[in-house]
Enquirer: 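Got a structure for you, written out below as structure tokens; questions coming shortly.
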Amino acid sequence: MSVATAVRPQVQGLFDPATWTVTYVVHNGPGSPAAIIDSVLDYDPKSGRTRTASADKVIDYVRANELKVEWILETHAHADHLSAAPYLKKQLGGRIGIGGRITQVQKVFKAVFHLEPGFRLDGSQFDHLFQEGERFRIGELEAEVLYVPGHTPACAAYHVGDAVFVGDTMFMPDVGTARCDFPGGDAKTLYASVKQILSLPGETRLFMCHDYPPEGREVRFETTVAEQRARNIHVHDGISEAQFVEMRTKRDATLDMPVLILPSVQVNIRAGELPPPEANGVSYLKIPVNAL
């Protein structure tokens, strides 16, 4: 973790209230290159229709600031919203990137959804698969990829200057951490991933992928390493691995599945593309019955 932490990139978060997701645009000022992290394609589970209202807000911000999109990044294959990466790429350009362990997730869910034989398990649906510790640039900004599995095997965080985009490893301090009961998830692994992030300097800015605010609190999605170490209800300093694993395991057993997990995963392991249209020109998403 040796990117230039003194560099302070500009970060614009755009909150999607339907999915509690934050999409980030990271850049170095008007007219500079930019990256988009964790975009949202609106999806109505009742009708099966998609819309681009959330993504269009991102496009409006990018164009208003004359930014040049170089990367469209995913922290993992989300289970609570569909990615708008292909739509954004078509409108703004850029390369779609994700952590290289996405291939593990593709293998699991190809079997779960009994996907078409031609669905590839090599991650080639994405433009770039990042390796652990890999460095890349967003214009003059240097970025580093941190593998942070636990919520899923393929979770990655992006460290850009003094900012880290943590995906679903953790939430705001009064919300805690992500669940670990999806296929390939593991509470012990998540604990280690969180501790890796919290070993950064205390002033490091941390940007959450979601916020589920307790009643009476407004939505917030930026915190710091120091604040998380002092106040995170699940992993503040002094919480042992054993305590965390016990808490996380008991809590996960009480949680319902996300509303959009079945459509989201099918689309997101394809880098945001819908399944291939069938003979009538329509794409279909599958619902496995009594399989999960």
Side-chain angles (χ1 to χ4, degrees), residues 10-27 30-98 102 105 109 113 115 119 124-128 138 158 165 167-168 207-212 219 221 258-278 280-287:
Q10 294 191 29
V11 178
Q12 177 66 43
L14 297 109
F15 183 70
D16 176 57
T19 63
W20 307 95
T21 303
V22 190
T23 298
Y24 293 102
V25 183
V26 189
H27 59 95
S32 68
I36 299 169
I37 303 176
D38 290 336
S39 63
V40 175
L41 180 70
D42 306 299
Y43 177 78
D44 180 1
K46 299 185 291 296
S47 68
R49 287 197 168 274
T50 62
R51 296 183 303 110
T52 60
S54 181
D56 287 336
K57 293 178 182 177
V58 177
I59 292 170
D60 290 345
Y61 177 82
V62 167
R63 289 178 173 164
N65 287 275
E66 300 181 334
L67 302 175
K68 305 173 183 67
V69 174
E70 294 187 341
W71 289 101
I72 301 170
L73 304 174
E74 305 285 356
T75 54
H76 61 296
H78 306 275
D80 43 30
H81 69 272
L82 282 65
S83 170
Y87 174 71
L88 291 171
K89 179 179 177 179
K90 182 178 180 180
Q91 298 293 321
L92 300 171
R95 303 173 68 196
I96 302 173
I98 197 168
I102 186 62
V105 178
F109 284 103
F113 292 111
L115 298 180
F119 178 79
S124 58
Q125 299 85 351
F126 298 83
D127 295 319
H128 187 78
I138 307 165
Y158 300 102
F165 301 89
D168 282 7
F207 292 92
M208 313 294 106
C209 184
H210 304 282
D211 188 34
Y212 307 101
V219 169
F221 37 82
V259 171
L260 297 183
I261 184 171
L262 297 178
S264 293
V265 172
Q266 290 178 74
V267 169
N268 293 339
I269 60 174
R270 301 176 187 269
E273 296 284 358
L274 297 178
E278 298 195 9
N280 61 355
V282 177
S283 294
Y284 290 87
L285 296 169
K286 293 184 175 182
I287 300 178

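Everything numeric in this text was worked out from a predicted model, so none of it was measured.
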Enquirer: In Å and rounded to the nearest 0.5 Å, what is the CZ to CG distance from Arg51 to Asp56?
Expert: 9.5 Å
Enquirer: Under a 4.5 Å cut-off applied to non-hydrogen side-chain atoms, are Leu82 and Ser264 in contact?
Expert: yes
Enquirer: Does the His128 side chain pair with the main chain of Gly97, one donor and one acceptor, at a distance under 3.5 Å?
Expert: no
Enquirer: Testing the basics here: between Ile96 and Pro86, what is the closest heavy-atom pair and its distance to 0.1 Å?
Expert: CD1-N, 4.1 Å
Enquirer: Nearest 0.5 angstrom please: Thr23 OG1 to Leu88 CG, how far?
Expert: 8.0 Å
Enquirer: Between Val22 and Asp211, is the side chain to side chain contact (heavy atoms under 4.5 Å, CB included) condition met? List the steps.
Expert: CA-CA 8 Å; Val22 190; Asp211 188 34; 5.5 Å; no
Enquirer: Would you say the rings of Phe165 and Tyr158 are close, in the sense that their centroids are separated by under 6.0 Å?
Expert: no
Enquirer: Identify the heavy atoms of Pro30 and Gln10 that sit nearest to each other, and give their distance.
Expert: CD-NE2, 4.4 Å
Enquirer: Are the side chains of Thr75 and Asp168 in contact, using a 4.5 Å heavy-atom criterion?
Expert: no
Enquirer: Cut-off 3.5 Å, no hydrogens considered: what does the side-chain donor-acceptor table look like for residues 64-73, sequence neighbours left out?
Expert:
from	atom 1	to	atom 2	distance (Å)
Asn65	ND2	Tyr61	O	3.0
Lys68	NZ	Gly31	O	2.5
Glu70	OE1	Gly139	N	3.0
Trp71	NE1	Arg137	O	3.2

Enquirer: Just by distance, do the side chain of Asn268 and the backbone of Ser83 share a donor-acceptor pair under 3.5 Å?
Expert: yes
Enquirer: Shortest non-hydrogen contact from Ile98 to His76?
Expert: CD1-C, 4.0 Å
Enquirer: For the residue pair Phe15 and Phe221, categorise the inter-ring angle as parallel (less than 30°), tilted (30 to 60°) or perpendicular (more than 60°).
Expert: parallel
Enquirer: Set out, in order, the CA-CA distance, both residues' side-chain angles and the distance that settles side chain to side chain contact (heavy atoms under 4.5 Å, CB included) for Val11 and Val25, then state yes or no.
Expert: CA-CA 6 Å; Val11 178; Val25 183; over 6 Å; no
Enquirer: Hey, does Glu74 have a side-chain heavy atom less than 4.5 Å from the side chain of Asp38?
Expert: yes
Enquirer: Taking side chain as C-beta onward, heavy atoms only, is Leu260 less than 4.5 Å from Asp80?
Expert: no
Enquirer: Of all the heavy-atom pairs spanning Ala55 and Ala84, show the shortest one and how long it is.
Expert: CB-CB, 3.8 Å
Enquirer: Within the structure provided, determine whether Leu115 and Ile269 are in side-chain contact (heavy-atom separation under 4.5 Å).
Expert: yes
Enquirer: Counting only N and O atoms by type, is there a donor-acceptor contact under 3.5 Å from the side chain of Tyr24 to the main-chain atoms of Met208?
Expert: yes
Enquirer: Working to the nearest 0.5 angstrom, can you tell me the gap between Ile59 CD1 and Tyr87 OH?
Expert: 4.0 Å
Enquirer: Could you label the plane-to-plane angle of the His81 and His78 rings as parallel, tilted or perpendicular, counting under 30° as parallel and over 60° as perpendicular?
Expert: tilted
Enquirer: Let's go through Phe113 and Leu262 carefully: what are the C-alpha distance in whole Å and the side-chain angles of both, what is the deciding distance for side chain to side chain contact (heavy atoms under 4.5 Å, CB included) to 0.1 Å, and is it a yes or a no?
Expert: CA-CA 9 Å; Phe113 292 111; Leu262 297 178; 3.9 Å; yes
Enquirer: What are the two closest non-hydrogen atoms of Val282 and Asn280, and how far apart are they?
Expert: N-OD1, 3.1 Å
Enquirer: Within the side chain of Gln266, is there an N or O that forms a donor-acceptor pair under 3.5 Å with the backbone of Pro275?
Expert: no
Enquirer: Mind listing the closest non-hydrogen atom pair of Ala77 and Ile102 along with its distance?
Expert: CB-CD1, 3.8 Å
Enquirer: Less than 4.5 Å apart, any side-chain heavy atom of Pro276 and any of Arg270?
Expert: yes
Enquirer: Is any side-chain heavy atom of Ile37 closer than 4.5 Å to a side-chain heavy atom of Val26?
Expert: yes
Enquirer: Could you check whether any side-chain heavy atom of Leu14 comes within less than 4.5 Å of a side-chain heavy atom of Ser54, counting everything from C-beta outward?
Expert: no
Enquirer: The criterion is side-chain contact (heavy atoms from CB on, under 4.5 Å); which residues satisfy it with Asp60, sequence neighbours excluded?
Expert: none
